[in-house]
Amino acid sequence: LAKIPLLTTKAGPRDGEEWIQRLKEELGSLIKYVQTNKENDNDWFRLESNKEGTKWFGKCWFIHNLLKYEFDLEFDIPITYPTTPFEIALPELDGKTAKMYRGGKICLTDHFKPLWGRNVPRFGIAHALALGLAPWMAVEIPDLVAKGAIVHKEKEKSGSS
C-alpha cells in the first residue's frame, strides 16, 4: 500500500481542468500499483475507462486452490468524487453473497468507507482496489467456492458435458 502514490487534487467529473488533473494523478497511481503488483507476482486486475474517466470496466481475478476465478469489474465515478467513493461492482456475483448490494456492488460500508473518508483526496482508484476490492475478494471468493455458489469455469464445462 505504501507504494501506491497518494493523490493531491480534490476534483470530480464536473470540475473541468481540475478533473483532468485528478485523472492524470489517478492513472499515475494505477500504473504504479499495477507495476508493483507485477513485480510481486500479484497481478490481479485489468482496468480501462471511457474517454471522460467516469465509467471504468475490466476484469479482476482471484486464485483459490490453484484455480483462477475471473470476474467482470465495473464502477462509475460519482459527481461528488472524491468526497464520495465509488461503488465497485462484480455483476456476475449479484445475489450470491449477503456482502453485496443490488447490481453486484460489493459491500465496503463498515471497513473501507470510514478509511476513505479520512483520506480524501489522497486516496483514489488504486487505493479502493487495494483496500476495498482485494480484501473483499480474499474473504468472499473462497467462501462462495466452498458453498458452491461459484464454480470454476473448467469444472463448469466438464460438469455440463
Side-chain angles (χ1 to χ4, degrees), residues 1-7 25-50 53-78 81-161:
L1 178 67
K3 293 186 177 185
I4 302 174
L6 296 174
L7 295 88
E25 291 178 22
E26 293 279 5
L27 292 170
S29 185
L30 275 166
I31 289 166
K32 180 63 178 163
Y33 182 45
V34 168
Q35 286 172 340
T36 302
N37 284 345
K38 286 183 177 186
E39 289 165 8
N40 293 302
D41 197 27
N42 189 28
D43 189 31
W44 64 277
F45 69 90
R46 292 283 173 275
L47 199 56
E48 58 185 284
S49 76
N50 66 356
T54 55
K55 292 190 179 300
W56 293 76
F57 46 91
K59 296 272 184 194
C60 60
W61 52 90
F62 187 83
I63 308 294
H64 178 65
N65 292 337
L66 303 178
L67 297 173
K68 182 179 179 180
Y69 294 84
E70 188 172 275
F71 309 98
D72 289 333
L73 162 67
E74 60 187 48
F75 56 90
D76 294 336
I77 301 293
Y81 183 82
T83 303
T84 305
F86 51 89
E87 296 179 308
I88 301 169
L90 307 177
E92 61 209 279
L93 296 182
D94 189 18
K96 295 187 186 261
T97 171
K99 294 180 182 150
M100 185 169 268
Y101 302 112
R102 190 175 305 155
K105 291 181 174 138
I106 67 171
C107 177
L108 296 173
T109 310
D110 294 341
H111 305 288
F112 181 69
K113 285 191 179 172
L115 182 63
W116 180 277
R118 288 191 303 273
N119 286 283
V120 172
R122 296 179 301 272
F123 276 8
I125 294 167
H127 300 88
L129 296 175
L131 297 170
L133 182 58
W136 186 92
M137 287 176 56
V139 170
E140 291 300 311
I141 301 307
D143 187 54
L144 290 169
V145 170
K147 291 176 180 172
I150 57 174
V151 178
H152 189 264
K153 297 209 185 319
E154 291 302 314
K155 289 183 180 178
E156 205 172 70
K157 288 177 192 170
S158 63
S160 62
S161 46

Subject >> Any residue meeting side-chain contact (heavy atoms from CB on, under 4.5 Å) with D94, in chain and number order, not counting sequence neighbours >> reply: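 D94 satisfies side-chain contact (heavy atoms from CB on, under 4.5 Å) with no other residue.
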Original post:
Tell me the salt bridge (Lys or Arg N to Asp or Glu O under 4.0 Å) pairs involving residues 81-92, sequence neighbours left out?
Top reply: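 Listed by first then second residue: E87-K105.
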Original post:
If you look only at pairs with a residue in residues 136-148, which of them pass as a salt bridge (Lys or Arg N to Asp or Glu O under 4.0 Å), with sequence neighbours excluded?
Top reply: K99-E140, D143-K147
Got [X] and [Y] here, is their nearest side-chain heavy-atom distance under 4.5 Å?
X    : Y    : answer
L7   : P121 : no
L90  : L73  : yes
F123 : L6   : yes
V34  : L47  : no
R46  : W61  : yes
E48  : F57  : yes

Can you measure from [atom1] ([X]) to [atom2] ([Y]) and round to the nearest 0.5 angstrom?
X    : Y    : atom1 : atom2 : value
D76  : K55  : CG    : NZ    : 3.5 Å
I141 : I63  : CD1   : CD1   : 11.5 Å
K32  : N37  : NZ    : CG    : 10.5 Å
C107 : K113 : SG    : NZ    : 8.0 Å
I106 : T97  : CD1   : OG1   : 10.5 Å

[X] and [Y]: which non-hydrogen atoms are nearest, and at how many Å?
X    : Y    : answer
E26  : I125 : OE1-N, 2.7 Å
C60  : M137 : SG-SD, 3.7 Å
P85  : T83  : CD-O, 3.8 Å
G124 : Y81  : CA-OH, 3.5 Å
S29  : A126 : OG-CB, 3.7 Å
A130 : I4   : CB-CD1, 3.7 Å

**OP:** Could you tell me whether the side chain of K96 and the main chain of A149 form a donor-acceptor pair under 3.5 Å?
**Re:**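 It does hold such a pair.
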**OP:** Determine yes or no for a side-chain-to-main-chain donor-acceptor pair under 3.5 angstrom, with T54 supplying the side chain and I77 the backbone.
**Re:** no
Subject >> Side-chain donor-acceptor contact under 3.5 Å, T36 with N40 >> reply: no
**OP:** Could you label the plane-to-plane angle of the Y69 and H64 rings as parallel, tilted or perpendicular, counting under 30° as parallel and over 60° as perpendicular?
**Re:**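 The arrangement is tilted - the two ring planes meet at 30° to 60°.
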**OP:** Name all residues meeting the ring pair (Phe, Tyr, Trp, His ring centres under 6.0 Å) criterion together with F71; count only those two or more places apart in sequence or in a different chain, and write none if there are none.
**Re:**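 So F71 forms no ring pair (Phe, Tyr, Trp, His ring centres under 6.0 Å) with any residue.
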Subject >> ring pair (Phe, Tyr, Trp, His ring centres under 6.0 Å) against F112, all qualifying residues, sequence neighbours excluded >> reply: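 Checked F112 against ring pair (Phe, Tyr, Trp, His ring centres under 6.0 Å); matches are W116.
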Subject >> Q35/K38 under side chain to side chain contact (heavy atoms under 4.5 Å, CB included): CA gap, chis, key distance, verdict >> reply: CA-CA 5 Å; Q35 286 172 340; K38 286 183 177 186; 5.9 Å; no
Original post:
Between H127 and N119, does a side chain to side chain contact (heavy atoms under 4.5 Å, CB included) hold up when you go through it step by step?
Top reply: CA-CA 10 Å; H127 300 88; N119 286 283; over 6 Å; no
Subject >> Of W44, F75, F62, F45, the residue whose pairing with L133 passes side chain to side chain contact (heavy atoms under 4.5 Å, CB included) >> reply: W44
Subject >> Residues that E70 engages under salt bridge (charged side-chain N to carboxylate O under 4.0 Å, His left out), provided they are two or more places apart >> reply: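 Applying salt bridge (charged side-chain N to carboxylate O under 4.0 Å, His left out) to E70 gives K68.
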